[in-house]
Each structure stands twice: as C-alpha cells, then as structure tokens.
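Since the structure comes first, as structure tokens, the remarks are kept for the end.
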Amino acid sequence: MEAATLKRSSQKTATLRLVGLRGPSCADAVDRALAAVPGVSEVTVSLADEKATVTFDTAQVSVQRLQVAVQDAGYEALKPVHGEDGNCCGGCGG
C-alpha cells in the first residue's frame with residue numbers, strides 16, 4: 001500500500017502553453033512527442049487553446065524535460081499555466 005501511495009503522490013499535472021501549432025497534424029506531433037517521454041501517463045493537446053495538459057511522474061520527468069520534448073518536435077512550450085488567466089503561479093519554478 002505504501003508504494004501505491006508514493007506513486008500517486010509523485011504524479012503531477014502541468015499545462016504548457018504551446019507556440020507554433022498550425023493545424024491538427026501539429027497538435028498530433030506534440031501529443032506523440034510528449035507521450036513518448038518516460039514517466040508521462042496522459043497527454044491532451046488542445047489546438048484551439050494552444051495548450052498541452054500532461055500528467056507525469058515527477059520522480060521520472062520534469063516540466064523542463066517536457067518543454068524539451070516539445071522543442072524537439074519543432075514547437076515551443078512556454079512556462080506552465082496554472083490559472084484561468086493563463087499566468088503561472090510561480091510555485092512550480094516554471
């Protein structure tokens with residue numbers, strides 16, 4: 001039971017602002033790039049909102065690594081988004 005508790009506590013969801021998406025194929029490319037990162041368990045990319053929501057294991061991957069995966073796919077991922085207004089709260093160091 002302790003292992004299950006530890007695993008849940010290391011799960012985090014972050015929303016990244018995306019730059020450079022031009023259509024559904026771009027969103028698919030970002031989705032594939034993020035899903036391929038070890039430790040990522042769920043990815044949702046919104047072309048309309050230009051955001052990617054990623055659930056990942058903080059023991060295996062960092063937000064910075066997610067940003068690099070997006071950059072490697074040919075796009076830009078800005079700092080994590082926390083509020084409805086699109087601003088980072090600053091609590092994650094992003």
Side-chain angles (χ1 to χ4, degrees):
M1 178 110 171
E2 268 183 58
T5 302
L6 179 61
K7 185 173 182 175
R8 269 189 301 231
S9 66
S10 66
Q11 289 289 307
K12 177 179 178 178
T13 299
T15 301
L16 304 173
R17 291 181 285 181
L18 303 172
V19 177
L21 301 182
R22 305 234 184 260
S25 62
C26 296
D28 289 343
V30 170
D31 188 290
R32 284 190 306 273
L34 289 168
V37 176
V40 171
S41 58
E42 186 176 344
V43 178
T44 304
V45 177
S46 171
L47 177 61
D49 295 332
E50 296 183 316
K51 294 179 184 175
T53 303
V54 186
T55 302
F56 59 98
D57 183 347
T58 58
Q60 294 183 17
V61 65
S62 66
V63 171
Q64 290 77 15
R65 174 63 185 99
L66 299 174
Q67 289 174 300
V68 168
V70 172
Q71 290 170 351
D72 289 348
Y75 306 94
E76 186 177 358
L78 303 177
K79 294 180 180 183
V81 176
H82 300 285
E84 289 297 319
D85 61 358
N87 292 316
C88 181
C89 69
C92 68

**Report entry** Leu16 CG to Glu50 CD distance, which is reported to the nearest 0.5 Å
**Finding:** 13.0 Å
Under 3.5 Å, which donor-acceptor pairs do the side chains of residues 29-46 form with other protein atoms, sequence neighbours left out?
residue, atom, partner, partner atom, Å
Ser41, OG, Gln11, OE1, 3.3
Ser41, OG, Thr55, O, 3.3
Ser46, OG, Asp49, N, 3.1
Ser46, OG, Asp49, OD2, 3.3

**Report entry** Between CD on residue Gln71 and CD on residue Gln64, distance to nearest 0.5 Å
**Finding:** 11.0 Å
Report summary line: Closest heavy-atom pair, Ser10 versus Asp57, reported as atoms and distance to 0.1 Å, is OG-OD1, 2.9 Å
Query raised in the report: Does the Thr15 side chain pair with the main chain of Thr53, one donor and one acceptor, at a distance under 3.5 Å?
Result: no
Requested in this report: Taking all heavy atoms of Leu78 and all of Gln67, pick out the closest pair and write down the distance.
Outcome: O-NE2, 3.3 Å
Report summary line: Heavy-atom nearest pair, Phe56 first then Val63, reads CZ-CG2, 3.8 Å
